[in-house]
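Here the structure comes first, spelled out in structure tokens, and everything after it is commentary.
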Amino acid sequence: MILHLPVTVMLIIGLIWKAVDLVRAPHDRVLRLLVGALLLLTTGDLLGFTEIADAVNAATAVGVGKIAFNWIYMCGLGALILFFAAATSPPAVYRRLLRLNTALLTAVLAALVLTMLATPPELRGHTLSTPHMAQPAITSFYLIGNVYFIYAYLSSGLWALCYTRMASRHLAPSLRAMAAGLFGLAATSAGRALWVVIRVDSPDSYHFYDTVNRALTDVALAAVLVGIFLSGAVQLVTHLRSVARHRRMYHQLTPLWTALVTAYPELVLNQDPPASRWDGFRLRRTHTRFYRRLIECRDGLVRLSPYLASVAPDIDLARCRPDQLVRNIAAALALKPAVEDPSTALPAVVVASPSGPDMTAEARKLIAVSTAFAALPEDRCAETAGCL
């Protein structure tokens, strides 16, 4: 197949990507199934290369490479079915499907081994183009294998469509493309099974049929590749947008954060030094830095809130406008003594209460306060800084 190498490369990239995710979340059962499926499918695809299969046969016996390819690739498709089922179904449905797939896969793999053993040793290197297709063992080998491939591709495609109901609107198109490709592979598997039956009676005819079927297989694989590419691209773009958003919000919090940590230097959370000169540029650190700054801003307002209550006793500090609040923050910072008496317990009050319980609402509220703080007249900011 023309797309054999690109498919293998995409599988290797996907395997590495998801293996890294699994290292971070080793107890995620759904992710374990996906990594297992990608590992098996990648290994099976590698065994599908003639050079590798011939090397396996040379190191063992003729026919072992073909058996190994089918075993591993079929197990990979079975794991893919279980991945979709685990991601979309209740545990009881998943367990029932696990038992069914295990039993079916075991029976198919045992049948393939038996048909290979029943094939004369000199014919065990057969392919779909073999002139000996009428041999019962060879016919059975290809019919059994392709029937399972029809089932596996069809089931994977149906489960992928089920997954689209739960996926985001950005991920759903890639799942639909993958499902279309999997349905196409099921159809071409049926075409191969039909060609096997045709060649039992006419071993040397209808070769154009195989050519067309192989072309359709490439089209179906291309659809699967498009789905994989779209899925990866959507995840990458989503991640980069999240990084850019958190980086922007991190800088938006700077005016408020600077004033608060100047008054309370101990607010800055302990952080390990970068492991390398490039560590500070890693995208993953952007999220950590943003959340740390958000927490430090909130802690600073809590620490400052008793002084805020003193300078604005009649104002609802939890819900007042950001421009009104920042004037009081400036006054509270000026009122705060340079050294606080540690034995004095000051009651805290709620300041800048967010509109929702999530971190996004918290960030929006504090960014509004920080933006208003940055807009304070310079003389007011200088006065506050001088009091600090």
Side-chain angles (χ1 to χ4, degrees), residues 242-274 279-281 285-388:
S242 174
V243 168
R245 179 169 171 265
H246 280 171
R247 183 171 291 166
R248 182 178 67 253
M249 294 166 78
Y250 172 85
H251 291 296
Q252 288 172 328
L253 287 170
T254 297
L256 177 63
W257 178 84
T258 302
L260 292 173
V261 299
T262 303
Y264 300 101
E266 65 274 16
L267 285 175
V268 180
L269 301 173
N270 293 329
Q271 52 184 331
D272 298 327
D279 194 61
F281 295 96
R285 286 181 56 83
T286 300
H287 304 297
T288 303
R289 292 169 63 215
F290 162 69
Y291 286 119
R292 290 171 72 94
R293 177 155 291 190
L294 186 66
I295 293 169
E296 289 162 0
C297 286
R298 174 53 68 187
D299 288 348
L301 288 177
V302 172
R303 291 282 299 276
L304 188 65
S305 65
Y307 301 104
L308 278 167
S310 297
V311 300
D314 300 324
I315 293 178
D316 184 358
L317 296 171
R319 294 179 176 81
C320 67
R321 299 191 315 272
D323 58 338
Q324 183 181 19
L325 178 61
V326 296
R327 290 194 294 271
N328 292 314
I329 289 175
L333 288 170
L335 177 64
K336 174 192 172 297
V339 180
E340 294 179 303
D341 185 356
S343 63
T344 303
L346 299 175
V349 298
V350 178
V351 179
S353 178
S355 58
D358 59 330
M359 290 289 262
T360 301
E362 175 83 354
R364 280 199 302 265
K365 189 69 176 182
L366 293 186
I367 286 172
V369 175
S370 182
T371 302
F373 195 88
L376 277 177
E378 291 187 7
D379 56 343
R380 189 64 180 273
C381 292
E383 176 187 345
T384 301
C387 297
L388 296 178

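Starting from 1, each residue takes its place in the sequence as its number.
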Could you state the interatomic distance from [atom1] ([X]) to [atom2] ([Y]), rounded to the nearest 0.5 Å?
{"X": "Ile315", "Y": "Cys320", "atom1": "CD1", "atom2": "SG", "answer": "6.0 Å"}
{"X": "Leu335", "Y": "Asn328", "atom1": "CG", "atom2": "CG", "answer": "11.5 Å"}
{"X": "Met359", "Y": "Leu366", "atom1": "CE", "atom2": "CG", "answer": "9.5 Å"}
{"X": "His251", "Y": "Arg289", "atom1": "NE2", "atom2": "CZ", "answer": "6.5 Å"}
{"X": "Tyr250", "Y": "Thr288", "atom1": "OH", "atom2": "OG1", "answer": "11.5 Å"}
{"X": "Arg293", "Y": "Leu260", "atom1": "CZ", "atom2": "CG", "answer": "11.0 Å"}

Using the rule given for side chain to side chain contact (heavy atoms under 4.5 Å, CB included), can you reason through Trp257 versus Val268, listing the C-alpha separation, both sets of side-chain angles and the distance that settles it, and then say yes or no? CA-CA 10 Å; Trp257 178 84; Val268 180; 4.2 Å; yes
Sequence neighbours left out, what pairs pass side-chain hydrogen bond (donor to acceptor under 3.5 Å, both in side chains) with at least one residue falling in residues 302-314?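 Listed by first then second residue: Glu266-Arg303, Tyr307-Glu340.
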Could you go through the side chain to side chain contact (heavy atoms under 4.5 Å, CB included) check for Glu362 and Lys365 one step at a time? CA-CA 5 Å; Glu362 175 83 354; Lys365 189 69 176 182; 5.7 Å; no
For [X] against [Y], the heavy-atom pair lying closest together:
{"X": "Ala361", "Y": "Ser355", "value": "CB-OG, 4.0 Å"}
{"X": "Glu296", "Y": "Leu267", "value": "CG-O, 3.4 Å"}
{"X": "Val302", "Y": "Ala348", "value": "O-CB, 4.1 Å"}

When you measure from the side chain of Ser370 to the backbone of Gln252, do you find a donor-acceptor pair of N or O atoms at a distance under 3.5 Å?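 Yes, Ser370 side chain to Gln252 backbone: donor-acceptor pair under 3.5 Å.
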Could you check whether the rings of His287 and His246 sit parallel, tilted or perpendicular, using 30° and 60° as the cut-offs?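 Judged by the thresholds at 30° and 60°, the geometry between His287 and His246 is perpendicular.
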Could you tell me whether Arg298 atom CZ has more than 12 heavy atoms of other residues or ligands within 6.0 Å of it?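 Yes, the 6.0 Å shell around CZ holds more than 12 heavy atoms from other groups.
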Take Ile329 and Leu308 through the side chain to side chain contact (heavy atoms under 4.5 Å, CB included) test and state the conclusion after the steps. CA-CA 6 Å; Ile329 289 175; Leu308 278 167; 3.9 Å; yes
Test log, rule side chain to side chain contact (heavy atoms under 4.5 Å, CB included), inputs Leu325 and Leu317: CA-CA 7 Å; Leu325 178 61; Leu317 296 171; 3.9 Å; yes
